[in-house]
Amino acid sequence: MPNVKHDDTHDAKTNDTFDAQNNEDVNGVPGAKAAPAAASGEKPDAASNGNSNVASNDNSNANHNAKTNAKPERDCVLCGCCLELCPLFAATNREELSPRAKALLSGPSKFTAATLDDDAVAELASLCLACGKCEKLCPQGVSVPRLVARLRAEHPDFRQWLWKQWVTKLQPCWSLAAKGAGLIPEALTPANLGLALKGLRGLRPDNGLRPWLTVTRFPVEEFRQQYGERPVVLFDGCVGSGPRKAWGQAARFLLRGLGANLAEAGFSCCGSTLGVAGLPEDQLTARRANVEAWRKADRPLLVTYCATCRKGLADYAAPGAGAGIFANSDEEALWAASVTPLSGLLSGAAGKVGRGVPTVVGWHRPCHAVLPGDPGDADCKLMSSLLGARLRTPAKANCCGFGGIMQLSAPELSTQVGQACWNGLDGALGFTAAPEVVSAYVLTGCSGCVMQLTATAPAGHGQHAQVGHWLEIVKTD
Amino acid sequence: MTTALAPALTPTHLRFLEQLFPGEGLVTKPEEMAVFGADSSRRSALPWAVVRPRTEDQIVELLKWAEAERMPLVPRLRGTGMSGGAVPAFGGVVVSTLWLNRVLDINAGDFCAEVEPGVVTAEFQALTQKQKLFYPPDPASLKISTLGGNVSTCAGGMRAVKYGVTRDYVLGVRAVLPGGKICDAGGRTHKNVVGLDLTRLFVGSCGTLGIFTKLTLKLLPLPESSATVLAAFPSLVAALEGAKGVFRAGILPTAMEFMDATACRGIAQIKDVPWPDNTQAVLLLKVDGSASALAEDIIRLEQALSRANPSCLLKGLGPKEEEPLWEIRRLVSPAAFQLGPDKLGEDVAVPRGKTVEAVEGFQAIGAENNTHVACYGHLGDGNIHVNIIYDAADEGQRTRAKACKEAVFRLTLSLGGTISGEHGTGITKAPYVSWQLSETERELMAGIKQVFDPSGILNPGKGWV
Ligand SMILES: Cc1cc2nc3c(=O)[nH]c(=O)nc-3n(C[C@H](O)[C@H](O)[C@H](O)COP(=O)(O)OP(=O)(O)OC[C@H]3O[C@@H](n4cnc5c(N)ncnc54)[C@H](O)[C@@H]3O)c2cc1C
Ligand code: SF4
Ligand code: SF4
């Protein structure tokens, strides 16, 4: 009748009868052995400090755990700290989609295998956008995206295969495909591919934003002092080297403006989507190839303009990245120090807006914009220094819902999260309230976000949303 | 009482639920239900089914049916409770009320708000602040737990010393009772003495009396700013003397937190700390009010604390300067793990004047049992977090930790305290309730429960019953 299961399967006292007396915290408590309670009424995080006057609903503090918790990953203790920012949970209020549910299901503290079906667990836990917000909040160092990737790798199915086709095989024809959706091999595209296709179509080169920002001052001196003649290569990523070549052109224009000693290297996909999709071998292959290309180019400064690519590259030097990527630890450290966002190099630049500038411009902060150790979102900082009060950022940095493989496995959830994100942008911009004055014009710094925001943009009010990478507004003539 | 309850869900039951909760409103796959069976107490049990009402009408129908079928129901919000209140330990259908999450009204004229239970506390506070209004209860979980959960557990927080706990801000509760009747307790007025105070009965009832569908909350004007002082002392007595000095000076701080030597040692292992090595206790105080008054308050606060000869004193005016000081406080809990891999976290409370005695006693209990016992928490209101740190892999340590815990409870009760100031008894502390409440009180409570829930279908086995 009573059906208490201890969540610590090693607990010798586990039995099926619930007996409160025996189930004392020390003697038979679930999890007493597994892991320490993260919190006894103490949330080790965030502005829960008795501070009455700050509305602290942005997640800039989320990173502190990365600093303070330089500790190994432990088991989930169900504290729920990760519930704060999960975009999937926020958009659906379905607890089974929360990071805690995933940690519970895939961690060692899961219910006994007898009750749960492995494949069903993998499938459910797979419903994750890999945005990493939960990971930054977890006092135990649990990485749900990593757990999920592991589960996906253990339970490969057609979606992984599909995504692999998508990323590795289709990539060369992206720009073609994006020009005319008819060129996408429909045979490969079950109904679920609709959302991803929509995003891809949105990337058609002629769909880009019209540039209106002239850079009038480049921080040349600052750049020279820091990097001198060191060669610089640009990492274009799948979109920048495919359907949106304009990004790469603008980025090279800016680097030349800085006086950088530009070199080129033959990079492939950064590999992060592959890892998330549960394809660790393919990811490792991509990583090794990229490091080799960098080595060949004489280990230059490695400049990125997509937040997710940057994280993907920075992760090469993270623990557990995979064997044999680097020759030695010096090389690894040099790599870690070389991966640099373009916007950071431009800090101090000045600009002038020209004709065609919208009254207000929304900024969408990509989930991966701020990596551990970053002082903040460098892209957003650059844009707000260049655009001033024109740039509006939603109070809460919502995830767009791209989530790589989720676009294929659960497009309806991906869409739901995208809509929640647009609601946040609408709150900051007010395009629904005053469509005559304000348009839904949004910039961001990640290719996945551009695709997803394009695919989920609200239609109606007689106007179409315009979404683009911030590089698109930069005039290069 | 519980013996009469339905022992399981039959196919007929399931058909009823399918009809009442179409689509994603009903969850029956074990993988999807698993998380609904657990909460932050780390207890877990698989629900028989999970339902997600979108409307009050669905809850009314559910409770009519459940009463007729003697079907146990476990109301649930975000499952961050620390005592197993949302765990279906005795079986039953979990009722996730997270889809009832609208803020219905925030009214600056009435100084009150009406909300559905699923609203996240911090999100609600952010909304009130936009209108220069203030909802003070601030459990450390405010960003991850809900107003409904806070009301159901009567959550406390750091501001309790000045502003009180959740109970002090609940003006009304609308709840559906077993059988489907709706009880509208209290209302929008700040005063109300007509009849017995049913609202208060619902607050802290842990889902055992009714399922909330709407809460009416009291609001205050938002204070303009705040300031913080951190002071370290070479002895516990000096620290508590400093705290007394603050009250004697006529200052009522917004928060008054303390950390004992063990807690300080834990923090020092993961962070550079501002206090000297011989520190035995640290006080952290916050005051709020108008910016001009604060500048003066902080000087008075400094003077009051100085009489107790602190070995170090730091202050911060405004959130930016205050933040690094509170960061230290928030590290206490994770820092405890520097001293051992496992811990028992208790949240006892004693009459405020007994705090020194209690903390000294808890430390002595630790010493006697050769176990790390870290004390910290809400000094201002006598609510002390006692962390008993041990290694669960070691049988001897496990036994000693349990001995410590029971000794802590005994001492607390002998000082006129309570075994739980905030987290509630749920299932984790249920066995100790009889240590604190006599037969008479427990019978009265059981009688009240009987009136609301004659068949005992709501959250069976929880709390005091
Ligand atoms: C990191 C952390 C820090 C914490 N800090 C504090 C703190 O400082 N102070 C403090 O007091 N607590 C604290 N807690 C405990 C916890 O956050 C509170 O108990 C909180 O109020 C629970 O809210 P919830 O939304 O998670 O509700 P749940 O845990 O889901 O439910 C709590 C109780 O409410 C009942 N319930 C749920 N829905 C309804 C409904 N619709 N109608 C009636 N009853 C219902 C449930 O049956 C259960 O008994 C902390 C917890 C964590 C994990
Ligand atoms: S994953 Fe981390 S933050 Fe989330 S419940 Fe588990 S321990 Fe807490
Ligand atoms: S990675 Fe993002 S979507 Fe996935 S569980 Fe964590 S917070 Fe949610």
Side-chain angles (χ1 to χ4, degrees), chain A residues 1-7 18 20-21 23-27 29-33 35-46 48-57 64 68-69 77-81 83-84 93-96 98 100-101 104-105 110-111 115-117 120-121 124 139, chain B residues 7 29-32 34-36 38 40 42-46 78 80 82 89-91 96 98-99 101 126 129 134 138 140-144 158-159 223 225-226 254-255 286 288 319 326 330-334 337 341-345 347 385 387 392-393 398 401-402 422-423 427-428 430-431:
Chain A
M1 172 204 85
N3 61 345
V4 165
K5 292 261 157 43
H6 293 177
D7 59 10
F18 180 78
Q21 206 67 49
N23 221 355
E24 216 341 280
D25 270 2
V26 186
N27 275 342
V29 84
K33 159 157 190 312
S40 63
E42 301 310 302
K43 185 177 177 189
D45 168 61
S48 43
N49 55 8
N51 187 345
S52 53
N53 305 335
V54 220
S56 42
N57 56 357
H64 90 274
T68 54
N69 291 3
V77 293
L78 300 176
C79 66
C81 292
L83 300 178
E84 184 187 331
N93 260 314
R94 289 168 55 186
E95 243 191 298
E96 71 274 29
S98 71
R100 182 166 61 170
L104 172 81
L105 288 172
K110 72 176 175 186
F111 284 70
T115 30
L116 303 184
D117 173 68
V121 163
L124 176 62
Chain B
K29 284 194 200 142
E31 299 76 25
E32 294 181 356
V35 73
F36 293 91
S40 295
R42 292 182 290 150
R43 304 291 177 116
S44 51
L46 204 59
R78 280 186 150 208
T80 69
M82 305 287 287
F90 298 90
S96 168
L98 279 180
W99 284 357
N101 64 347
Q129 285 174 16
F134 182 33
D138 63 336
S141 56
L142 85 174
K143 290 185 172 183
I144 54 170
M158 297 205 218
R159 293 181 192 132
S225 189
S226 56
T254 313
K286 186 194 220 35
D288 63 9
W326 286 99
R330 289 195 298 269
L331 283 176
V332 187
S333 185
F337 296 124
D342 300 275
K343 77 176 186 187
L344 298 176
D347 74 313
H385 289 285
N387 278 196
R398 264 202 337 252
K402 182 176 180 187
E422 292 185 333
H423 298 158
I427 45 181
T428 59

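Being a predicted model, the structure only gives us computed values, none of them experimental.
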**Student:** If you define the side chain from C-beta out and look only at heavy atoms, does anything of Met82(B) sit under 4.5 Å from Cys79(A)?
**Tutor:**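 They are not in side-chain contact.
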
**Student:** To the nearest 0.5 Å, what is the distance between CG (Leu105(A)) and CD (Glu32(B))?
**Tutor:**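 If we round to the nearest 0.5 Å, Leu105(A):CG and Glu32(B):CD are 9.5 Å apart.
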
**Student:** For Val77(A) versus Arg42(B), what's the shortest heavy-atom pair and its separation?
**Tutor:**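 Smallest heavy-atom distance, with atoms named: O-CG, 3.1 Å.
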
**Student:** Looking only at heavy atoms, which two atoms of Leu116(A) and Ala34(B) are closest? And how far apart?
**Tutor:**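 So the two residues come closest at CD1-CB, 4.4 Å.
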
**Student:** Please check this pair: side chain of Thr80(B) against backbone of Gly80(A), looking for a donor-acceptor N/O pair closer than 3.5 Å.
**Tutor:**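 Pair absent, no side-chain N/O of Thr80(B) close to backbone of Gly80(A).
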
**Student:** Who passes salt bridge (charged side-chain N to carboxylate O under 4.0 Å, His left out) against Glu96(A), sequence neighbours left out?
**Tutor:**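 Applying salt bridge (charged side-chain N to carboxylate O under 4.0 Å, His left out) to Glu96(A) gives Arg94(A), Arg52(B).
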
**Student:** For the atom pair CG (Leu83(A)) and OG (Ser141(B)), what is the distance rounded to the nearest 0.5 Å?
**Tutor:**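 Rounded to the nearest 0.5 Å, the CG-OG separation comes to 10.5 Å.
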
**Student:** Could you tell me which residues satisfy side chain to side chain contact (heavy atoms under 4.5 Å, CB included) with Asn93(A), sequence neighbours excluded, listed by chain and number?
**Tutor:**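 Side chain to side chain contact (heavy atoms under 4.5 Å, CB included) check on Asn93(A) returns Phe89(A), Leu98(B), Trp99(B), Asn101(B).
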
**Student:** Under 4.5 Å from any heavy atom of chain B, what part of Leu124(A) do you find: side chain, backbone, both or neither?
**Tutor:**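 Side chain only.
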
**Student:** In Å, rounded to the nearest 0.5 Å, how long is the span from CZ of Arg100(A) to CD1 of Ile144(B)?
**Tutor:**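 Here the rounded value is 7.5 Å.
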
